[in-house]
Amino acid sequence: MEQESRDFIRSRIDEDVQSGALPGGVVTRFPPEPNGYLHIGHAKSICLNFGVAVENAGKTYLRFDDTNPAKEDESFVQAIQNDVRWLGFDWAHLTYASDYFEELYQFATNLIKYEKAYVCSLSGEEMRKQRGTLTEPGRNSPYRERSVEENLELFSRMRAGQFGDGEQVVRAKIDMSSANINMRDPVLYRIRHVRHQRTGDDWCVYPLYDFTHCICDALEGISHSLCTLEFEDHRPLYDWVIENANVNYHPPQIEFSRLGLEYTVMSKRLLARLVEEGIVSGWDDPRMPTIAGLRRRGVTPAAIRDFCARVGVTKQENRVEMNLLDFCVRHDLEKSARRGMGVLEPLKVTLTNWTEGVLQLEGPWHAQNEALGSRTLPFSGTLYIEQSDFSLAPPKKWKRLARGEMVRLRYGFIIRCDEVVMDGDQVVELKCSYFPDSRSGEDTSGLKPNGVVHWVSADQAVAVKIYEYERLFQVADPTAGSLLDDLNPHSVSIKDGFVEPAILAAQDTHFQFERQGYFCKDSENEYSFNKTVSLREGF
RNA sequence: UGGGGUGUCGCCAAGCGGUAAGGCCCCGGGUUUUGAUCCCGGUAUGCGCAGGUUCGAAUCCUGCCACCCCAGCCA
């Protein structure tokens, strides 16, 4: 259920479309820097950018913002493409900011010619000192009035590699006393003698975000440049560059709030730290809020899209509850996942009156969706049920097994617990009797068991590792300053369980283990399952 | 104390002068061989606070308050 909604950005786009202001149609772009993996916050942006384009028969660019070669890597550009496609979106054009390096250089040259930019020889430290503070204006650089000729000469020598890193920069000539610090002669170009993953050693001067982004948007004819709130302060600079560098098209920048999610962090920097410090197994650790992590966890693209739609797009700061994501995951898997039985904490059950050897029972893969067909279930006199499905001291309304009580084994027979075998205070085995005339589908026993319980046949079941995950952090709003202390020390636990053989034989990766939750086969390890999300528990 | 933003139910979020949508969570009840799903029903006399304008204000005005972002040659 991915119904579109009318948020303020879609409303704005509707107006622009209706007023005929968009001769080129709706054109958006998703512009990640290839310096890490995408997370669910990016998914919100992806759903928005690709979504509005699809809704308006427009198109979307996937543009890698690769202007800082020191931090970027080709492996990330592959991972990002993979994640965007997996989410269900495709781009009209794949571009890189570096595709435009030559044009960008020309626009910077324009700025110099128009006396709107200059080469500044201040050190980073000096520049910082002269920038002023939030409440005090900055001071003009002593190099601010260099002649056009000298600036042109210097800029071309910068490009030619005649200066070392940090020796010169190109700055916009705006207003050192602006209340908006971004307008205090921001740096447009810096020198970096670093090999770029795409342009190699062609360049040693690289443009900064504020100069690059707006021009790339213009060159690609982006009709609506959507970004997050922290760039609101940059909008005047975005507009200034477009207006002053003689770019002939001016896209509007519109900001929305980034996604916040409880009990996790949503910044590439912090996620990278978790990976680098070995706190998680990698970018695709199932506890990570990355697309890769969610995928490995068993979360589906449809669930993520639905989540993004339900969260909406506004300018409000937010931190969405995990509840909502969990709901979306169950909501999607409920329809599609095959049902099966898996026992996470086995308790041996011996049927004392069983004489049939191994019986092949049948059960539907999905009780509400016959189209999924059925599978056979081996049944025998030695079974495992869940430890938590037996109680020595059952509470009121107990719907499971207890001494002298009866339950139905799902798709099998009704059994009664006759004897409890203890080892100290541990229940180690249940001796039960079964009722031959209670077979599922042909029950003539007239018995009324407490409830229904899942099980596997001990000899036919397959031993598997089951990974269960809790929230990665123990506080709802972990911060950089206390990242390690905020971690949940019990975010993963491993159980040695058993699943019915049909689950491993099936091609499917996602299953519901009845009465337990949704699980998926781990993409990296055989005989391993990741718990995606539990079922709701209604008592 | 400068500039830019935001404040509607526990969490999201509609609303744009006519008397508080919806979703998640939660609480009741029904169906059920998953205590699941599904289905019914309930949950803000209140919209950051205080004044004002108006027949009428979450929506307009004034003044406060709270929170977020900005002083990278990161994006």
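Numbered from 1 within each chain, the chains take letters A, B, ... in sequence-line order.
Using a 4.0 Å heavy-atom criterion, one finds that A:Tyr189 contacts no nucleic acid atom at all. Among the heavy atoms of the strands, none lies under 4.0 Å from A:His454. Across all strands, A:Leu325 comes closer than 4.0 Å to no nucleic acid atom at all (heavy-atom distances). The residue A:Gly138 sits apart from the nucleic acid: no heavy atom pair falls under 4.0 Å. A:Leu208 comes within 4.0 angstrom of sugar-phosphate atoms only, judged by non-hydrogen atoms across all strands, and of no base. Counting non-hydrogen atoms under 4.0 angstrom, A:Phe231 reaches a base of the nucleic acid.
In this structure B:rG72 sits in the syn conformation; its chi angle is within 90° of 0.
Summarising the base pairing, B:rC74 is matched to no nucleotide, lacking a Watson-Crick or G-U wobble pair whose two defining distances lie under 3.5 Å. Checking B:rC26 for Watson-Crick or G-U wobble geometry (two distances, each under 3.5 Å) identifies B:rG42 as its partner. Nucleotide B:rU54: unpaired (no Watson-Crick or G-U wobble partner with both distances less than 3.5 Å). A 3.5 Å limit on both hydrogen-bonding distances identifies no Watson-Crick or G-U partner for B:rC16.
Side-chain atoms of A:Arg192 never come within 3.5 Å of backbone atoms of A:Tyr206 as a donor-acceptor pair (strictly under, hydrogens ignored). Side-chain atoms of A:Ser178 never come within 3.5 Å of backbone atoms of A:Ile181 as a donor-acceptor pair (strictly under, hydrogens ignored).
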Residue pair A:Glu167, A:Ser121: steps toward the side chain to side chain donor-acceptor pair (under 3.5 Å) verdict = CA-CA 6 Å; A:Glu167 285 182 25; A:Ser121 309; over 6 Å; no
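When rounded to the nearest whole Å, the span between CD of A:Glu33 and C1' of B:rG72 equals 13 Å. Rounded to an integer number of Å, the gap from A:Tyr209 OH to B:rC73 C1' is 17 Å. One can place CD of A:Glu125 at 11 Å from P of B:rC73, the figure rounded to the nearest angstrom.
Checking A:Lys116, A:Arg131, A:Arg144 one by one against A:Asp185, the salt bridge (charged side-chain N to carboxylate O under 4.0 Å, His left out) holds for a single residue, A:Arg144.
Cation-pi geometry between A:Arg63 and A:Tyr96 is not met at under 6.0 angstrom from the ring centre and within 45 degrees of the axis.
Taking the six-membered ring where the residue is Trp, the centroids of A:Phe473 and A:Tyr263 are separated by 6.0 Å or more. Taking the six-membered ring wherever Trp is involved, the centroid distance between the rings of A:Phe413 and A:Phe435 does not fall below 6.0 Å. Taking the ring centroids of A:Phe231 and A:Tyr209, they lie under the 6.0 Å cut-off. For A:Phe155 and A:Tyr105, the ring centers are positioned less than 6.0 Å apart.
Phosphate contact (OP1/OP2 of B:rG72, side-chain N/O of A:Arg190, threshold under 4.0 Å): absent. Between A:Arg235 and the phosphate of B:rC69, there is no side-chain N or O to OP1/OP2 separation shorter than 4.0 Å. In this structure, A:Thr67 reaches the B:rA75 phosphate: one of its side-chain N or O atoms is under 4.0 Å from OP1 or OP2.
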task = Classify every nucleotide of nucleotides 34-42 of chain B by which part a protein heavy atom approaches to under 4.0 Å, writing B for the base, S for the sugar-phosphate alone and - for neither, in 5'-to-3' order.
result = BBBS-----
inquiry  = One character per nucleotide, please: for nucleotides 11-17 of chain B, 5' to 3', B when the base has a protein heavy atom closer than 4.0 Å, S when only the sugar-phosphate does, - otherwise.
reply    = SSSS---
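Spacing between B:rU1 and B:rC64 at atom P, rounded to whole Å, works out to 11 Å. For the P atom pair drawn from B:rA58 and B:rC49, the interatomic distance equals 11 Å after rounding to whole Å.
Not a single donor-acceptor pair, N or O on each side, falls under 3.5 Å between the base of B:rG4 and the side chain of A:Asn180.
Comparing B:rC25, B:rA75, B:rC70 against the side chain of A:Asn323 picks out B:rC25 as the nearest.
One distance of note links CG of A:Leu325 with CD of A:Glu262; it measures 11.0 Å at 0.5 Å rounding.
Between A:Lys44 and A:Gly312 the shortest heavy-atom distance is CE-O, 3.6 Å.
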